[in-house]
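Quick notes on the structure that follows.
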There are 2 protein chains.
Amino acid sequence: MSQKIINTDDLAFLLYEMLDIERFTQFPRYADHSRDTFDAAIELALKVGAETFAPHNHLCDADEPRFENGKVVIRKEVSEALAVLRETGLMAASQDYERGGMQLPAAVAQTCIGLIKGANVSTQAYAGLTIAACNLIMAHGSDEYKQRFAEPMMAGRFFGTMCLTEPHAGSSLADIKSRAVPAGDGSYRISGNKIFISAGDHELSENIVHLVLAKLPDAPPGVKGISLFIVPKFLVNEDGSLGERNDVQLAGLIHKMGYRGTTSTMLNFGEKGGAVGYLVGEAHQGLAQMFHMMNEARIGVGLGSVMLGYTGYLHALEYARERRQGRPLKERNPESPMIPLIEHADVRRMLLTQKAFVEGGLSLCLFASTLVDEKKHAQSAQERDDAAGLLDLLTPIVKSWPSQFCLEANSLAIQVHGGYGYTREYPVEQFYRDNRLNPIHEGAHGIQGQDLLGRKVSMKDGQYYQGLLKRIRQTLADCAGEAELKTSCGLLGAALETLTGVTDALQSMRKEDPERALANAYLYMECFGHVVVGWMWLRQAQAALRGLKQGGERPQAFYQGKLNTCEYFLRYELPKPLALAEVLRNADRTTLDMPEECF
Amino acid sequence: MSQKIINTDDLAFLLYEMLDIERFTQFPRYADHSRDTFDAAIELALKVGAETFAPHNHLCDADEPRFENGKVVIRKEVSEALAVLRETGLMAASQDYERGGMQLPAAVAQTCIGLIKGANVSTQAYAGLTIAACNLIMAHGSDEYKQRFAEPMMAGRFFGTMCLTEPHAGSSLADIKSRAVPAGDGSYRISGNKIFISAGDHELSENIVHLVLAKLPDAPPGVKGISLFIVPKFLVNEDGSLGERNDVQLAGLIHKMGYRGTTSTMLNFGEKGGAVGYLVGEAHQGLAQMFHMMNEARIGVGLGSVMLGYTGYLHALEYARERRQGRPLKERNPESPMIPLIEHADVRRMLLTQKAFVEGGLSLCLFASTLVDEKKHAQSAQERDDAAGLLDLLTPIVKSWPSQFCLEANSLAIQVHGGYGYTREYPVEQFYRDNRLNPIHEGAHGIQGQDLLGRKVSMKDGQYYQGLLKRIRQTLADCAGEAELKTSCGLLGAALETLTGVTDALQSMRKEDPERALANAYLYMECFGHVVVGWMWLRQAQAALRGLKQGGERPQAFYQGKLNTCEYFLRYELPKPLALAEVLRNADRTTLDMPEECF
């Protein structure tokens, strides 16, 4: 199987050598599993990705979904690939055995999802949204709704969506206008307009289960008045058979720069009197419930962004090895043979940057997925709370860091390809266009920065933030004795002290002037993210050094590459956002004070 | 005239208050001109841009040139717009009166071209390539060729191309394989394959004049053996009428990520025995001659990149002022009215960054174009040499700095628009795709970095580099007494000292180990470029302060905005590339030492 989705050595290294996910087999839920079953699932996902998803990735970009005769027409390769995903059981990789799932740890299930994303992020989205919506119903829905809606979703017969955004409100969910009126029979009648609804209409599944945010007549104003409803495209009878078409209409398709294979829609609910909807859980709890899905979606965005960056990097690496161009600087004979691009220092810089970003990003996302397992299944309540808190703290980083830097990796992959990279005859430009969505959806960078500095860092009096610092300092202490890691420890240690100084200054400022403290929250997040990814790189270097010294499973050059890339990241990349430490420490007012009329 | 191409206050400020281009009316060549004639040309270009070029910018992106029945089919709006450009005389804005030109200074002519680029960079390219090719023939061609080929190009009847790249050689021009054999009658027979030839075939003009790099049979190896030939699509009889179709065949169209309106072609020369070509100037001088065009093209790339960034910024600014979303941080009442996006600090940060990049980039490009005027027409030989040397030194910066940072501005314009910005229903995503070409063509970033550090900085024992430092220090000295500029002077002065320290260290290292000294040339260029643009910003602030104090022509808020943006650039942007000063000073070997097998 030839594939440019993942370096399988790297994946195994991260899962088993850096993160030691074999330890999860000791959790009772995963007792039947072993490294063999983990690997079997991962190999299956990679095979499905490479053989079934990747081949039509470009086709669905060039021939995007169309609206024809009242229906959304999507290339047949999409439904064929999703059928394979369904048949292999990968759509229910993390679900319980008793519901037909594989009951795999999140770290393994996320890996499988990531491999499919790397092969074809647009087709995967139909499955990904379904899994997320299904998980939400499983977490908050009644047993009746679990059976009627979630189980057919796990089986891949129904697909799911999340309907949050409205045309006038964008990210401002407090201002949604969609309404839900009790129908007297326990159901509700939903009306309103939603926009940017991915997979909002199509013929790929028997039914579509929309999870819709709307307000009840007695709702308090703002986000406290939001409730969550299940609104199926076709009503579902008690025996599970499909009933009438519900009052949900496709108002139009949105044409995007990338991610074109995933249809993006405007939906009108209730134009004919009200769409039948079912309240999930309690009234007015919609935002908190949706955040269950949003947090999962945010980690999914980060992972998708990493995988787009990763496949771009592998394409650039192969091109740089095969394409011969130019000569070494010292070579004066113009008739000497041309050398491969990778031998030019500037090309190696671009490849190293990509490697640092995508392997750093992947280690971050997989680490986050181990926290999902630990928060649910670790032995002690303390461990579970630590993991849950750390995951909450890191979610804005996991969402936004890859969206920024793995997108940058995609740009560098184009640059390595030169003029060819800018053409649609090569795949790297599509990866770049696809990835440009990720800094926007599921909470744009600005919102993530506010979340990190305005909420997460100070959560429980900074308990989880302090927990993170403790973990990073522990890694530094563990590595202190290793001569090969001395430079890296020095660089990360200094950056950590800068970050803590900045954090303390901003936390003081928040008491005095919250607006000023939060004005540069996005830039703070860049520093925070780079320190966290620097930590991930030091942990990789630590594991690589162990592999080198103890003769690990992978080639020596692989381990050496991890050590070099760790130093590269800490030396070349870490300093850039931290160059604004003084601006942050002073809670600089330049952006705040720029009068609107001066633009 | 409603347009979002330029802030006309800003343009007038840069041309007249910062760069004082009215002084050019004292040069004998421009003696008939005045600020009124400059303004008339600029207004005309803006009107043509806004009314004739901008309206089909999106249409040619969605409906790109196609190959049908042996011809390239391009939307009719393109030829209509180019006809308007021809009829207004703007295609010959800088040419002599006696050849039908307007004899405008380069600073004004470039401004006019820039406004058309900002309106529609793809359609402008047909004219821009023609102007550049025409100028090359005017500089190096015989009188016969000037008359037969260049004059119909000035009149817009013939269009031009530059044919450098070949499929196997990319940027490595030493390795081109195209051949030219003397035909015995003074002409040559050309054969070979060229790729990425913009405007290489179309039906927009009566004829296409290809400027082709090829090698004569007795050519020395490498770049020293390259000659330049005129190869017209249709032969041109002595009376100027068109003759037979020449042996140049369109081998295919290339489909790009953006810039789609400009057809990009593969051309085969000499498949039927040899295309008739005419040697320009002396044999084996082709590269030097082509660099005449390339240097102009590189400034053109920088300007195009700025203008794409600029129009994106103006779109984002309007959107941020009109779109209401969310509430101030302090506002706890969810029923209070939503505020315009621009009132959010993070949105203001994104707008300030765009403003700093695009207005900084425009000042850089316009400053470079004043050097074009000075190097040709300044009174003393010393002044002319100073200007020519500084322009040479700055060309890699003028080409690459906007390509990087005004592209980043386009990304921020998308981000300000949120989900809407990612759709093709809004124009900002096209600007971003179009602009992504600019870091690649006319010499990619890596090549520009090598040119700057490997050639330009040390040219004539560093004379022009020292001249630049002197100019920057002079500006710092001139501003030293102004309290309002104290912070900015301090920030720029410190950065300048860092840059000179880095430069000195790398110049010493070059004597010892050139490969090591040049390994990070691209990162050096980032520092250099930011210091130069920082200088441009200080000069803008200096002029703005004068305007504030003396009651200049523009609103007070405009001048105040310049002061704020100068501080923003120096405080928030300048530190980032300079954070790698230590890596550069040490001529760090990390990228050089990464073994290929470790990737």
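Chain letters run A, B, ... following the sequence lines, proteins first, then strands; residues in each count from 1. In this text the structure is predicted, and so the values were computed from the model without any measurement.
Of the listed residues (Glu582(B), Lys224(B), Arg327(B)), the greatest number of heavy-atom pairs within a distance under 4.5 Å of chain A belongs to Arg327(B). Chosen from Glu567(B), Gln415(B), Arg571(B), Glu335(B), the residue pairing most often with chain A at heavy-atom distances under 4.5 Å is Gln415(B). With chain A as partner, the option from Leu592(B), Leu437(B), Ile254(B) having the largest number of non-hydrogen pairs under 4.5 angstrom is Leu437(B). Counting heavy-atom pairs under 4.5 Å between each of Ile342(A), Val583(A), Leu580(A), Asp175(A) and chain B puts Asp175(A) at the top.
Heavy atoms closer than 4.5 Å to chain A are found in both the backbone and the side chain of Asp588(B). Heavy atoms closer than 4.5 Å to chain A are found in both the backbone and the side chain of Ala444(B). When heavy atoms are compared at a cutoff of 4.5 Å, Tyr420(B) approaches chain A by way of both its backbone and its side chain. Contact annotation for Leu329(B): only side-chain heavy atoms (C-beta onward) come within less than 4.5 Å of a heavy atom of chain A. Interface remark: Arg260(A) contributes side-chain atoms only to the contact with chain B (heavy atom separation under 4.5 Å). Proximity to chain B (any heavy atom under 4.5 Å) is restricted, for Leu518(A), to the side chain, taken from C-beta onward. Proximity to chain B (any heavy atom under 4.5 Å) is shown, for Met350(A), by neither the backbone nor the side chain. Residue Leu578(B): no heavy atom, backbone or side chain, is found under 4.5 Å from chain A. In this structure, no portion of His441(B) lies under 4.5 Å from any heavy atom of chain A.
Ring centers of His417(B) and Tyr422(B): at least 6.0 Å apart, outside the cut-off.
Residues satisfying the ring-ring contact (aromatic ring centres under 6.0 Å, His included) criterion with Phe599(A), sequence neighbours excluded, are absent altogether. Partners of Arg589(B) according to the salt bridge (Lys or Arg N to Asp or Glu O under 4.0 Å) rule, which considers only residues two or more places apart in sequence or in another chain, are Asp513(B), Asp593(B).
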